[in-house]
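Quick caveat, the model's predicted, so the values are computed rather than measured. Any value given below was found using the heavy atoms of this structure, including those in side chains, with hydrogens, waters and symmetry copies removed.
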Amino acid sequence: MRKKTSDMNEHRVTAGSASVPGPRSVPLELPEGHASALLTDEVRRRYIQDILRMHSRLSYHRMAAELEKNDALLHRSAHGRGLVTIAAHTASIPERYLLGLAGFRLSGYLRAGYASEDVVFEQSLFCEPIREFHDADTHVITTDADSGRILGYVALAHGKDPEPRPLLAPDRRLFPCEEAHAMRLQTVLPDAAALNTHEIREVKRFVQAHDVTDRAQRLRITLELLAGITMAVHASGGSIKLLVGDVEEHVALRHLVLLGLDVHLLTGTTPALSRRDLMHPMYIAREKVLPFCAWTPELDEIAKRGKLLEQAVADASPIRALRGLMAELSGTVKHVEIPVEVAA
């Protein structure tokens with residue numbers, strides 16, 4: 001990862017507060033309390049803008065080659081269409097790149113209104129805390145082949161239990177979607193009761209760069225990320241049995257259907273997070289958000305779907321490729337009502 005003039009090998013991001021220029025002066029005739037509030041609002045605004053500007057200028061031009069050299073990649077594609085997509089576990093990614101990935105996630109969610117500016121400002125954050133990443137989290141990243149800028153990102157988050165715990169265990173760590181929706185997976189999907197927590201991944205932070213406005217390019221980036229997810233699951237050798245998360249029914253749900261997954265969409269929850277949580281606006285700013293579960297297919301079928309997605313990514317016309325994919329990969333959606341009494 002680097003600024004456009006130099007690589008992050010030389011300019012390393014370190015933990016701490018981002019510097020913020022002094023705020024504009026506040027009129028002296030304002031009441032003291034009002035002036036103080038305006039001052040704080042202005043400093044907060046400039047702090048957030050500094051973070052957004054910083055992450056928009058960073059480049060990851062050497063990341064793919066460095067991880068490939070270290071045999072750390074679960075997936076890599078470069079189809080000559082100006083994009084490079086890789087997938088790797090947290091444990092395989094140097095800290096300087098993890099800080100940048102966490103910053104891209106945060107800046108994308110700040111721009112969308114899904115992350116709390118107040119929490120970012122009060123905690124002097126410039127990225128999501130990487131201490132919350134699990135070593136086995138999978139990061140799928142699409143970058144511009146020329147500039148090295150991140151154009152798209154999605155994660156498959158591992159459970160937080162240090163050792164595999166039965167899904168039925170009352171003391172196991174909950175997945176974030178379970179916490180937000182006040183539910184337990186085994187009660188809403190009884191067939192999953194035999195799983196352990198290390199056989200499940202939560203799909204999180206599907207983000208694209210805000211300045212990519214071309215519809216065809218955004219679609220190509222989406223296809224790249226979906227291919228990366230598919231090949232990362234395949235690289236697990238069958239150890240990932242279930243994908244979970246939450247989606248807006250008329251937005252990200254179509255991505256899951258494009259993967260050919262049979263999705264259980266769970267209805268009847270009222271998701272919320274504490275106002276102290278960095279991501280609590282996710283459940284205020286978005287339209288109706290529903291949790292989902294989807295079983296992963298057999299390895300042979302995953303490989304077949306991955307090949308179809310790779311062919312779509314390589315197509316000169318992503319819109320034509322999408323039509324072809326929809327003919328080949330047709331997932332299903334089943335709505336499952338969660339009883340009111342079912343809670344975590």
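- When hydrophobic clusters are built by joining Ile, Leu, Val, Met, Phe, Trp and Tyr residues whose side-chain heavy atoms come closer than 4.5 Å, directly or via intermediates, Leu110 is not grouped with Ile284.
- Contact check on Lys288 versus Glu249 returns no salt bridge, with no Lys/Arg side-chain nitrogen under 4.0 Å from an Asp/Glu carboxylate oxygen.
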Candidate pair Leu266 and Cys293, rule side-chain contact (heavy atoms from CB on, under 4.5 Å), full reasoning: CA-CA 8 Å; Leu266 311 175; Cys293 307; 4.1 Å; yes

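- Note on Glu328 versus Arg305: no salt bridge recorded, every NZ/NE/NH1/NH2 to OD/OE distance being 4.0 Å or above.
- By the 4.5 Å heavy-atom criterion applied to side chains, Leu83 and Arg220 are counted as neighbours.
- Using a 4.5 Å cut-off on side-chain heavy atoms (C-beta onward), Leu258 and Leu329 make no contact.
- Nearest heavy-atom pair, Pro94 versus Ser92, reported as atom, atom and distance to 0.1 Å: CD-O, 3.7 Å.
- With a 6.0 Å radius and a threshold of 12 heavy atoms from other residues, nucleotides or ligands, Asp214 has its CG atom above the threshold.
- Between the side chains of Arg172 and Gln186, at least one donor N or O lies within less than 3.5 Å of an accepting N or O.
- Residues Ser239 and Glu199 have side chains that never bring a donor and an acceptor to within less than 3.5 angstrom of each other.
- A single hydrophobic cluster is seen to contain both Leu256 and Ile302, as judged by linkage of ILVMFWY side chains at heavy-atom distances under 4.5 Å, directly or through other members.
- Side-chain contact check for Glu202 versus Pro176: some heavy-atom pair is nearer than 4.5 Å.
- Side-chain contact check for Glu337 and Thr267: at least one donor-acceptor pair (N or O, by modelled atom type) lies under 3.5 Å.
- Taking the ring centroids of His255 and Phe206, they lie under the 6.0 Å cut-off.
- Residues Ile48 and Met279 share a hydrophobic cluster, clusters being chains of Ile/Leu/Val/Met/Phe/Trp/Tyr side chains in contact below 4.5 Å.
- Cluster annotation: Leu242 is not connected to Phe292 through the hydrophobic network of ILVMFWY side chains, with a link wherever side-chain heavy atoms come within less than 4.5 Å.
- Counting all heavy atoms, side chain and backbone alike, His79 lies closest to Ala314 at ND1-CB, 3.8 Å.
- Side-chain contact check for Glu66 and Tyr97: at least one donor-acceptor pair (N or O, by modelled atom type) lies under 3.5 Å.
- Side-chain rings of Tyr114 and His280 stay apart, their centers remaining 6.0 Å or farther from each other.
- Going from atom CZ of Arg149 over to atom CZ of Phe104 covers 8.0 Å, rounded to the nearest 0.5 Å.
- A salt bridge links Arg165 to Asp171: at least one charged side-chain nitrogen sits closer than 4.0 Å to a carboxylate oxygen.
- Around CZ of Arg53, the count of heavy atoms belonging to other residues, nucleotides or ligands within 6.0 Å exceeds 12.
- Considering only heavy atoms from C-beta on, Asp211 stays 4.5 Å or farther from Ser56 through its side chain.
- Looking at heavy atoms from C-beta onward, Leu265 lies out of side-chain contact with Lys334 at the 4.5 angstrom threshold.
- In this structure, Arg62 is not positioned above the aromatic face of Tyr60 in the sense of NZ or CZ being under 6.0 Å from the six-membered ring centre and within 45° of the axis.
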Test log, rule salt bridge (charged side-chain N to carboxylate O under 4.0 Å, His left out), inputs Glu42 and Arg45: CA-CA 5 Å; Glu42 177 67 3; Arg45 184 189 68 79; 3.0 Å; yes

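- Counting only N and O atoms by type, the side chains of Thr90 and His139 include a donor and acceptor under 3.5 Å apart.
- More than 12 heavy atoms of other residues, nucleotides or ligands lie within 6.0 Å of NZ in Lys160, so this atom counts as buried by the packing criterion.
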Residue pair Leu99, Glu95: steps toward the side-chain contact (heavy atoms from CB on, under 4.5 Å) verdict: CA-CA 6 Å; Leu99 288 166; Glu95 183 182 14; 4.2 Å; yes

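- Note on Leu225: it clusters hydrophobically with Ile319, by side-chain heavy-atom contacts below 4.5 Å among ILVMFWY residues.
- Contact check for Glu224 versus Val154: no side-chain heavy atoms found under the 4.5 Å cut-off.
- At a threshold of 4.5 Å between non-hydrogen side-chain atoms, the residues Leu226 and Val313 do not count as touching.
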Verdict with supporting geometry, Val244 and Arg201, side-chain contact (heavy atoms from CB on, under 4.5 Å): CA-CA 6 Å; Val244 302; Arg201 297 293 185 276; over 6 Å; no

Worked check of side-chain contact (heavy atoms from CB on, under 4.5 Å) between Ile150 and Leu101: CA-CA 9 Å; Ile150 297 181; Leu101 296 179; 3.5 Å; yes

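- A donor-acceptor contact shorter than 3.5 Å is absent between the side chain of Asn70 and the backbone of Ala72.
- Lys204 is not listed as a side-chain neighbour of Tyr153, based on a closest heavy-atom distance of 4.5 Å or more.
- Across Leu74, Leu73, Asp135, a single residue satisfies side-chain contact (heavy atoms from CB on, under 4.5 Å) together with His89, and that is Leu74.
- Defined by atom type and a distance below 3.5 Å, a donor-acceptor pair is missing between the side-chain atoms of His55 and Ser107.
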